[in-house]
Number of protein chains: 2
Amino acid sequence: MSLKSLAESMGLSKTTVSRALAGYQDVAPETRERVRLAANKINYRPNPIAQRLTKGATDTVAIVVPSTLQRRYEPLFVDLAASIGSRLAEDEMDLILTSSRPGEPELAVYQRLVDGRRADAVIVVRLRVNDDRVAYLKANKLPFICFGRTDDIAGVAYVDGDGFGGFQAATRHLVSLGHRRFAFLGGPDGTFSSGNRKGGYCSALNESGLSFGPMLEARSDERSGAEMARAALGSKPTALVCATDRIAFGALTAVRDAGLVPGVDVSVIGHDNLPITAYTDPPLSTMELDLADVGIRMAEATLALIAGANPEDHRSIVKVTPIWRASVGPPPA
Amino acid sequence: MSLKSLAESMGLSKTTVSRALAGYQDVAPETRERVRLAANKINYRPNPIAQRLTKGATDTVAIVVPSTLQRRYEPLFVDLAASIGSRLAEDEMDLILTSSRPGEPELAVYQRLVDGRRADAVIVVRLRVNDDRVAYLKANKLPFICFGRTDDIAGVAYVDGDGFGGFQAATRHLVSLGHRRFAFLGGPDGTFSSGNRKGGYCSALNESGLSFGPMLEARSDERSGAEMARAALGSKPTALVCATDRIAFGALTAVRDAGLVPGVDVSVIGHDNLPITAYTDPPLSTMELDLADVGIRMAEATLALIAGANPEDHRSIVKVTPIWRASVGPPPA
DNA sequence: AGCTCGTCTCAAACCGGTTTGGATTCAATG
DNA sequence: CATTGAATCCAAACCGGTTTGAGACGAGCT
C-alpha cells in the first residue's frame with residue numbers, strides 16, 4: 001500500500017523505489033523494471049496528499065459558483081466546470097467547487113481560499129466591470145483566470161466569448177433584414193459581458209446611422225427580461241436584442257402579452273443557445289459559445305499560470321456564432 | 001507562516017503551540033491565550049495538506065458529473081452541488097467535481113477516485129435501476145451517497161425526491177379535473193427516477209380504474225420529448241404527464257405542431273420547476289423539489305458516513321410539490 | 001527531607017512521500 | 001597499484017502538521 005512497505009517487500013530502500021517509479025536514470029534499468037512490475041501488481045499509487053505536502057502545492061484549482069441572492073440557477077455552469085475539470089484531471093489536478101454560504105458575501109469565499117491555502121489557482125466567472133475579486137486575488141498573489149473580462153485587465157488572464165463580435169454580427173443581420181427600430185435588453189449593469197454585448201450592438205447600429213433605441217439593464221432572468229421588454233415595447237421596436245437567452249424568454253412572453261407575434265411583429269434574439277431555445281414558440285434565435293473549448297483553454301491557461309507564466313500571455317477570445325431561428329424575421333411592412 | 005516558525009518566534013515548542021490552538025487543557029490557560037493572540041496576529045492557519053496527511057483522510061468529497069454522450073447540460077446540477085458544497089465547507093471539507101474525459105466510460109472516473117485515494121466519500125447522481133457504480137463503490141468500500149435510489153439498496157444511503165408521491169398527486173389532480181385518457185413520457189429506461197415517477201402515475205390511474213395509456217421512455221431532453229409526444233398523440237390523450245420539464249418542453253412543441261392548444265386540448269405537466277417553466281407559452285405546470293434542502297441532507301449524510309455511520313440510517317425522501325400553471329386545464333368537452 | 005501528585009512543557013516519532021548528499025562497487029585509466 | 005569515474009543504491013533530512021511518552025518543576029503530604 002505504502003511506498004515503505006513496497007520497498008521492504010522488495011528488499012530495496014524507499015529512495016530507490018520512489019526514483020524507479022519516477023523513471024530516474026540512476027536506477028538500474030533492470031531494477032526499475034522489477035519495481036514497476038511489483039508496483040503494478042499491488043496496484044500501487046503514491047498517496048497524493050503526501051506528494052502535495054512535499055511539493056508544497058495543493059494540485060487543486062478552485063472554481064467559485066457565483067452567488068446570487070435568489071436561486072442560483074446557472075444552467076451552463078456545469079458544462080464549463082466539467083470541461084475545465086476533465087482537462088485538469090489529465091494533469092492529476094482536482095477541481096474544487098466552492099460557493100458562499102447563505103448570507104455570506106462572495107468575496108469571503110475568496111478570502112477563505114487565499115488564507116486557507118486550499119488551491120493553487122482560482123477560476124473567476126461572471127466578471128464585473130469593476131471587480132473586487134480580481135483586485136483581491138491580484139493583491140494576494142493567488143493565480144487566477146477569468147471567464148470574461150473586467151475593466152482593469154493589467155496582469156490578468158482571461159478567456160471570454162466574443163460578445164462584441166457576436167452581437168455586432170447579429171445586429172448587422174437584423175439591419176440587413178430591414179429592421180430600423182431596436183432595443184437592447186441587458187444583464188446587470190456592472191457585468192462586463194453585458195456591457196460588451198451592448199457594445200457590439202451599438203457599434204452595428206452606429207455604422208448604419210441608426211439610433212440605439214432603449215437600452216435597459218437588469219437581472220438576466222426571465223422575469224426581468226419580461227419587464228424590460230414591456231418597457232421597451234413602448235417605443236415600438238421591431239427587434240429586441242437580448243444579452244441572454246433567459247432574458248429573451250421573458251421578452252417572448254412580454255411580446256405575446258402585448259398582443260404581438262414574436263418573429264413576425266417583433267424579432268427576438270438571445271445568447272447562450274440553451275437547449276430549450278430550439279423548442280420555444282417560436283424557436284429562439286440565439287448565439288452559441290463553445291463552452292467545451294472555453295473550458296479547455298481555461299484549464300490550460302491555469303496550468304500555465306501555476307507553472308509561473310505571465311497572465312497577460314494567456315488571454316483568448318472565443319468566437320460566438322449566431323444561430324438563426326423563427327424568432328427573427330423581417331420587420332412587419 | 002508555519003507552525004514551527006510561530007513556535008520559535010514565541011519561544012515555545014511546536015507541540016505546545018499546536019495543542020494550545022487545538023484547545024487542549026494541558027496547556028496553561030495563559031499560554032493558550034498568548035498563542036491564540038499571536039496566531040491571530042499573523043493570521044496563521046494550519047496547512048490543510050499537512051493535517052490531512054496525519055489524519056489519513058483527504059477531507060474531500062467527490063461528486064461526479066454524469067456523462068452523457070451528447071452535450072452534458074444538467075441545468076440543476078449546480079444548484080445541488082453548490083448546496084452540498086456550502087454545507088461541507090462548514091466542516092472544512094472540500095467538494096471536488098470530477099467528470100469523465102471524452103470517450104471514457106463513467107465507471108472509470110470512480111475507479112480513479114478509488115485507487116487514487118482522492119476522496120473520503122463520493123456522491124452519485126442519476127441513479128440507474130441496476131447501477132454498476134453503486135456495486136463498484138460497495139465492493140471497494142468507499143463511502144457514497146446517492147441522489148436517487150437504485151434497485152439493490154442494501155447498505156446504501158440516499159436522498160431522493162418523492163417522485164412517486166409527486167406524480168401520484170399530480171395525476172390524481174388531473175383525474176379530478178376530468179381527464180380520462182393519459183400518456184406518460186418518461187426518461188431513459190434504466191433510470192430509477194423515471195421508473196419511480198411512472199409508478200406514481202400508474203398508481204393514481206389504477207385507483208381510478210383508468211387505463212395507463214401509452215408509456216414511453218427515451219432520453220430526457222426536448223427532442224426526445226417531442227418525439228414521444230408525437231407518438232403518444234396518436235391515442236388522443238388529453239393529458240401528457242412528463243418525467244422532466246425538458247421532456248415537457250418538447251411535448252408542448254409537439255402538441256402545437258399537431259394543431260392542438262396546450263392547456264386547452266391537451267394538458268401537460270413536467271418536473272423540476274426550471275425557471276423557464278413560468279415563461280413558456282402556456283406556462284408549464286411542473287413539480288418542485290427543494291434542491292437546497294436535498295443538498296444539505298446529502299452533505300450531512302456524507303459527513304456521517306465518513307464518521308462511520310451505517311448507510312441505511314441515512315436515507316431520506318424529500319417532498320415534491322406540484323405547481324399548477326396554465327398548461328393544465330380541464331379536458332375539452 | 002523524601003515522596004507523591006498535578007501542572008505544564010517539549011523532544012521525538014509519525015503520516016507517506018521526494019530529494020540531498022553520500023557510500024559502495026567495479027571497470028577503466030595512468 | 002593507486003586513481004578516477006560511472007553506475008547503483010541508500011540513510012537521513014525534509015514538507016508541516018499531530019500525538020506519544022517523558023521530563024521539569026513546585027505544592028502538599030508524611
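By convention in this document, chain letters (A, B, ...) are assigned in the order of the sequence lines, proteins followed by strands, and residues within each chain are numbered from 1.
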* Not counting sequence neighbours, which residues clear side chain to side chain donor-acceptor pair (under 3.5 Å) with A:Asp162? List them please. => none
* **Any residue of residues 2-9 of chain B with a heavy atom less than 4.0 Å from an atom of DNA chain D** => B:Ser2, B:Leu3
* To do: Quick one: which residue pairs count as a salt bridge (Lys or Arg N to Asp or Glu O under 4.0 Å) with a foot in residues 44-64 of chain A, not counting sequence neighbours?
  => A:Arg45-B:Asp115, A:Arg52-A:Asp94, A:Lys55-A:Asp59
* Structure fact -> Value for CG (B:Leu305) from CD1 (B:Ile145), rounded to nearest 0.5 Å, stands at 6.0 Å
* Approximate separation, where rounding is to 0.5 Å, of B:Ser2 OG and B:Tyr44 OH -> 7.0 Å
* Say whether B:Asp131 and B:Thr150, considering side chains only, have a donor N or O and an acceptor N or O under 3.5 Å apart. => no
* **Nearest-0.5 Å distance, CE of residue B:Met298 to SG of residue B:Cys146** => 7.0 Å
* Taking atom types as modelled, find out whether B:Ser13 and B:Thr16 have a side-chain donor-acceptor pair closer than 3.5 angstrom. => yes
* Results of salt bridge (Lys or Arg N to Asp or Glu O under 4.0 Å) for B:Glu33 - residues two or more places apart only -> B:Arg36
* To do: Give me the residues of residues 47-54 of chain B where at least one heavy atom lies under 4.0 Å from an atom of DNA chain C, by number, or none.
  => B:Leu53, B:Thr54
* To do: Could you tell me which residues satisfy side chain to side chain donor-acceptor pair (under 3.5 Å) with B:Thr54, sequence neighbours excluded, listed by chain and number?
  => none
* Can you sort out which residues in residues 13-34 of chain B have a heavy atom within less than 4.0 Å of DNA chain D? Ascending by number, please. => B:Lys14, B:Thr15, B:Ser18, B:Arg19, B:Tyr24
* Quick one: which residue pairs count as a salt bridge (Lys or Arg N to Asp or Glu O under 4.0 Å) with a foot in residues 9-32 of chain A, not counting sequence neighbours? => A:Arg19-A:Asp26
* To do: Could you name each residue pair satisfying salt bridge (Lys or Arg N to Asp or Glu O under 4.0 Å) that touches residues 137-152 of chain B, not counting sequence neighbours?
  => B:Lys138-B:Asp152, B:Arg149-B:Asp160
* So does A:Arg112 pair up with B:Glu92, basic N to acidic O under 4.0 Å? -> no
* Asked: Taking 4.0 angstrom as the limit, do B:Arg126 and B:Glu106 come out as a salt bridge?
  -> no
* Structure fact -> Residues passing the salt bridge (Lys or Arg N to Asp or Glu O under 4.0 Å) test with A:Glu90, sequence neighbours excluded, are A:Arg87
* Nearest 0.5 Å, what's the OH-CG distance between A:Tyr136 and A:Leu113? -> 9.0 Å
* Angle of first-five versus last-five pair axes in the helix from C:dA1-D:dT30 to C:dG30-D:dC1, to 10 degrees -> 80°
* **Covered region of DNA chain D, 5' end to 3' end, by chain B [heavy atoms, under 4.0 Å]** => D:dG16 to D:dT20
